[in-house]
Amino acid sequence: TRIESAASAASPGSSASDGEEDETDASKASGLEPMKSSEIVELSALLKDASPFFDDLPMQNLRTHMSHLQFMHAAEGQHLVSRGDKCSGFWVMIVGQARVRPADGPDRPVYPGDVVLQEQALAGGMSEVSLVAHHGGCEAVFIPMQMYAQLIPAPAVTIDPDVVAEVREAARVLAIPLLKGERKLRQAEEMARFLTIHQAPFGSPLHLLPPAVLQQIVSAISLETAPPATALCLQGKEASEWLIVLEGTVAVHSHGSKSLAA
């Protein structure tokens, strides 16, 4: 296929033998050796065309980290992932078809462009399903979690470090349950000012809210630190919180619906 021919020179051992079942961990899929510039350009273009997952990734990011992505050609019936494997990354189907097989219930088809096992990889758990090549085999790209963050572009909007320090102090003071008076009121006003200024570029209506309502929002704020590759929310789960990123980068990814992102 197109993907296999573009990668064959760099990954001579990535194809599975016909009819063989491979029960190894998904993270052990054969990776690419260093590629020629022409191969990187060609393969990057093919990936951008093959799956919506790559649409939002800058071409330069994709080309830079191409050697860290892992490609696998699986014959029909071969396991790309088995139940109980550690989810150290996730898969993007490029060519052909596969089936997601849960312990109970019917199989779910996987088509080119589909992203598989991303939620489990973000949560750092074990796979509860098997991913099996179907109907003539398939080709897929395995993206290790440590590479995922490097593929995502840097945020377009950042918050000044001095402002971050002020917000942290305000959040710390507001979290003291017995503290009252002028200091707490002053920090609440600072937090409210931060919310109205830094959410306005995103179309937030906070600056239109009455002061009393804004104070209620401020009083419910909590400050948390999330380690790398931590899932802050999962697609399809109830959205009960509003997240504002003070430092670092958060990747927002949707499985087929821009209104239901994780």
Side-chain angles (χ1 to χ4, degrees), residues 1-17 20-35 39-40 43-44 46-57 61-101 108-134 137-152 228-229 231 251 253 255 262:
T1 66
R2 298 183 307 161
I3 292 289
E4 186 178 15
S5 61
S8 59
S11 183
S14 61
S15 295
S17 300
E20 286 188 4
E21 294 260 333
D22 186 357
E23 297 288 343
T24 58
D25 190 306
S27 64
K28 297 176 183 177
S30 298
L32 291 174
E33 299 296 329
M35 301 175 66
E39 293 173 331
I40 290 176
L43 199 50
S44 299
L46 289 176
L47 290 177
K48 294 278 281 188
D49 180 59
S51 173
F53 173 81
F54 296 101
D55 284 350
D56 295 330
L57 301 180
N61 286 33
L62 194 55
R63 292 177 182 174
T64 299
H65 299 288
M66 183 63 65
S67 62
H68 300 293
L69 301 181
Q70 298 174 339
F71 294 79
M72 187 173 184
H73 172 80
E76 183 173 348
Q78 180 181 357
H79 284 63
L80 286 82
V81 180
S82 296
R83 284 192 298 273
D85 285 348
K86 181 180 179 181
C87 288
S88 56
F90 55 94
W91 294 87
V92 181
M93 191 61 54
I94 302 298
V95 178
Q97 298 181 23
R99 294 275 178 175
V100 170
R101 292 181 177 170
R108 176 171 64 85
V110 179
Y111 300 108
D114 289 349
V115 180
V116 187
L117 294 177
Q118 188 182 32
E119 290 189 5
Q120 290 90 328
L122 287 168
M126 311 298 283
S127 177
E128 298 178 355
V129 300
S130 294
L131 178 61
V132 185
H134 182 66
C138 66
E139 292 180 13
V141 179
F142 178 72
I143 303 179
M145 289 308 298
Q146 63 267 31
M147 289 298 103
Y148 181 48
Q150 298 181 38
L151 285 171
I152 304 302
H253 186 64
H255 294 227

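The figures here come from the full heavy-atom set of this structure, side chains too, leaving out hydrogens, waters and symmetry mates.
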Checklist outcome for this item: Closest non-hydrogen atoms of P109 and D114, given as atom of the first, atom of the second and distance, are O-OD2, 4.3 Å
Next on the checklist: Could you report the tightest heavy-atom contact between E139 and H73, atom names first, then the distance?
Outcome noted: CG-ND1, 3.4 Å
Checklist outcome for this item: Paired with F90, the side chain to side chain contact (heavy atoms under 4.5 Å, CB included) test is passed by just one of V115, V116, V81, namely V115
Checklist outcome for this item: Closest non-hydrogen atoms of S130 and S82, given as atom of the first, atom of the second and distance, are OG-CA, 3.6 Å
Checklist entry - Do other residues, nucleotides or ligands put more than 12 heavy atoms under 6.0 Å from the CZ atom of R108? => result no
Checklist entry - Does the side chain of F142 reach to within under 4.5 Å of the side chain of S88, using non-hydrogen atoms? => result yes
Which donor-acceptor pairs under 3.5 Å do side chains of residues 121-128 form with protein atoms, sequence neighbours excluded?
unit_1: S127; atom_1: OG; unit_2: V129; atom_2: N; d: 3.3
unit_1: S127; atom_1: OG; unit_2: V129; atom_2: O; d: 2.6

Item to check | C138 versus A133, closest heavy-atom pair with distance | outcome: SG-CB, 3.7 Å
Item to check | salt bridge (charged side-chain N to carboxylate O under 4.0 Å, His left out) partners for R99, two or more places apart | outcome: none
Checklist entry - How close do M72 and Q78 get, heavy atom to heavy atom, and via which atoms? => result CE-NE2, 3.0 Å
Next on the checklist: Are the side chains of L47 and L62 in contact, using a 4.5 Å heavy-atom criterion?
Outcome noted: yes
Item to check | Contacts of A140 that satisfy side chain to side chain contact (heavy atoms under 4.5 Å, CB included) - sequence neighbours left out | outcome: L80, W91, M93
Item to check | Selection residues 64-73 - residue pairs positive for salt bridge (Lys or Arg N to Asp or Glu O under 4.0 Å), sequence neighbours left out | outcome: none
